[in-house]
Amino acid sequence: MSKLIVKPKPRDEQGNILSVTPHSAGWKYVGFEVYSLRPGETLQSETKEQEVCLVLLSGKAKVDTAKQSFGVLGHRMSVFDRIPPYSVYVPNDDRYTVQAETALELAVCSAPGRGTYPARVIAPEDVGVETRGSGSIERHIHNILPEQKEADSLLVVEVFTPAGHWSSYPPHKHDRDNLPEESYLEETYYHEVNPGQGFVMQRVYNDDRSLDETLAVPHRHVVLVPEGYHPVSAPPGYDSYYLNVMAGPERTWKFHNDPDHEWLFTK
């Protein structure tokens, strides 16, 4: 299996099934985990030097931080309900407790924090909803933590790509710290597929093709994007969901299109 794919593992004693750290990914900023909790189970963690965005992928949970109790959150039972999730932003030097009220799938997105902003709930009505593209490149976006919203490093977005459609397309990249033209952002793609026996295709490649991999990505796997372009295709019959986490030295998303395919923007 490609080094760019992180596959799920059996639940550990905390309910963790996926883990990406800056060390394991070979980069500096982005961390990502998924926990699968049973009703009544509790996850507790210190944020230390990281800010965290807790995304309730599916299920309901009671969420507390060191200073605040947010009560029971959550309303969608599957990411394919295609409604915005509840999320919780937690700054560095804080802690969080998540107690599952139902079966719970929880994503923990992390990046370096500076303690600028307090913990808060990101409710469904706070999530920006948009449709990008048209025809076979139409997809649906939930902007959970875009650059217009308060955070020190994290950018978090989820995308629904209908069967037979392309996403993150035409191809773009953000791997040069060269503002205002382009920002350096590491990125993870957490993929879910409906029905779950399916897969999506994702290509990760750079300009000189020193990196050029085409990946068949199964349900509940993560793709690492350390550099390069990274389009996604959902095969006929299988709807695609992915959760993106991005972070870098500057919290802004300035991307560069693949010049070979930029003509598609004029269609």
Side-chain angles (χ1 to χ4, degrees), residues 8 17-18 32-37 53-61 63 70 72-89 98 100-109 120-149 154-170 172 187-202 216-223 225 230-246 253:
I17 62 167
L18 271 168
F32 180 75
E33 297 179 292
V34 175
Y35 290 84
S36 183
L37 301 181
C53 183
L54 306 172
V55 181
L56 278 66
L57 297 170
S58 62
K60 299 181 180 181
V63 182
F70 296 117
V72 176
L73 306 174
H75 64 152
R76 72 181 187 189
M77 293 296 108
S78 164
V79 298
F80 291 102
D81 290 346
R82 280 180 49 172
I83 54 178
Y86 276 89
S87 303
V88 177
Y89 173 82
V98 179
E101 297 287 312
T102 66
L104 178 71
E105 299 294 308
L106 176 73
V108 180
C109 317
R120 70 181 188 276
V121 172
I122 304 170
E125 57 267 27
D126 301 322
V127 175
V129 177
E130 62 176 305
T131 297
R132 292 183 193 157
S134 61
S136 60
I137 60 172
E138 182 178 290
R139 63 273 197 195
H140 309 285
I141 316 297
H142 291 163
N143 290 302
I144 296 169
L145 196 56
E147 61 183 282
Q148 297 81 11
K149 300 293 185 178
L154 280 170
L155 297 163
V156 181
V157 61
E158 60 181 17
V159 178
F160 302 86
T161 307
H165 286 215
W166 286 72
S167 192
S168 294
Y169 192 86
H172 69 269
E187 186 168 21
T188 53
Y189 274 69
Y190 167 66
H191 290 279
E192 294 200 15
V193 185
N194 186 36
Q197 72 270 26
F199 62 92
V200 297
M201 302 298 298
Q202 184 160 23
V217 188
H219 181 55
R220 300 180 94 188
H221 285 55
V222 171
V223 170
V225 182
H230 38 275
V232 174
S233 177
Y238 293 93
D239 290 330
S240 160
Y241 163 91
Y242 56 79
L243 179 69
N244 287 140
V245 182
M246 294 181 283
W253 185 52

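This chain uses plain numbering: 1 for the first residue, then up along the sequence.
- Minimum heavy-atom separation, Leu37 to Ala100: CB-CB, 3.9 Å.
- In this structure, CD on Glu33 lies 9.5 Å from CG on Leu106, to the nearest 0.5 angstrom.
- For the pair Leu243/Cys109, a side-chain contact is recorded, criterion being any heavy-atom separation below 4.5 Å from C-beta on.
- Checking Ile122, Asp126, Leu155, Val245 one by one against Leu145, the side-chain contact (heavy atoms from CB on, under 4.5 Å) holds for a single residue, Ile122.
- The heavy-atom pair separating Ala163 from Gly237 by the smallest distance is CB-N, 3.4 Å.
- Minimum interatomic distance between Arg76 and Pro84 (heavy atoms only, all atoms of both residues): NH1-C, 4.2 Å.
- Summarising the geometry, atom CE belonging to Met201 is positioned 12.5 Å from atom OG belonging to Ser240; distances are rounded to the nearest 0.5 Å.
- Between Arg82 and the choices His140, His142, Glu158, the side chain to side chain donor-acceptor pair (under 3.5 Å) rule is met once, by His140.
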Would Phe160 and Asp239 count as a side chain to side chain contact (heavy atoms under 4.5 Å, CB included) if you check the C-alpha gap in whole Å, the side-chain angles of each, and the deciding distance to 0.1 Å? CA-CA 7 Å; Phe160 302 86; Asp239 290 330; over 6 Å; no

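- For the atom pair OG of Ser36 and CG of Leu18, the computed distance is 10.5 Å after rounding to the nearest 0.5 Å.
- Although no hydrogens or angles enter the test, the distance criterion places no donor-acceptor pair under 3.5 Å between the side chain of His221 and the main chain of Tyr189.
- With a 6.0 Å radius and a threshold of 12 heavy atoms from other residues, nucleotides or ligands, Phe80 has its CZ atom above the threshold.
- The main-chain N or O of Lys60 is found under 3.5 Å from a side-chain atom of Thr102 such that the two form a donor-acceptor pair.
- Between Pro85 and Val55, the shortest heavy-atom contact is CG-CG1, 4.1 Å.
- Asn194 places none of its side-chain heavy atoms less than 4.5 Å from the side chain of Tyr241.
- With rounding to the nearest 0.5 Å, the separation of CG in Leu57 from OG in Ser87 is 8.5 Å.
- With Glu105 contributing its side chain and Gly59 its backbone, the two residues share no donor-acceptor pair below 3.5 Å.
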Please test Val98 against Leu104 for side chain to side chain contact (heavy atoms under 4.5 Å, CB included), starting from the C-alpha separation and ending with a verdict. CA-CA 10 Å; Val98 179; Leu104 178 71; 3.7 Å; yes

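- The minimum heavy-atom distance between Ile144 and Val127, with the atom names listed, is N-CG1, 4.1 Å.
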Are Glu187 and Trp253 close enough, and set up right, to give a side chain to side chain contact (heavy atoms under 4.5 Å, CB included), and what steps lead you there? CA-CA 11 Å; Glu187 186 168 21; Trp253 185 52; 5.9 Å; no

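- The six-membered or imidazole ring of Phe199 lies away from that of His191, with a centre-to-centre distance of 6.0 Å or more.
- Although no hydrogens or angles enter the test, the distance criterion places a donor-acceptor pair under 3.5 Å between the side chain of Arg139 and the main chain of Tyr169.
- Taking both residues in full, the closest heavy atoms of Val193 and His219 are given as N-ND1, 3.0 Å, listed atom of the first, atom of the second, then distance.
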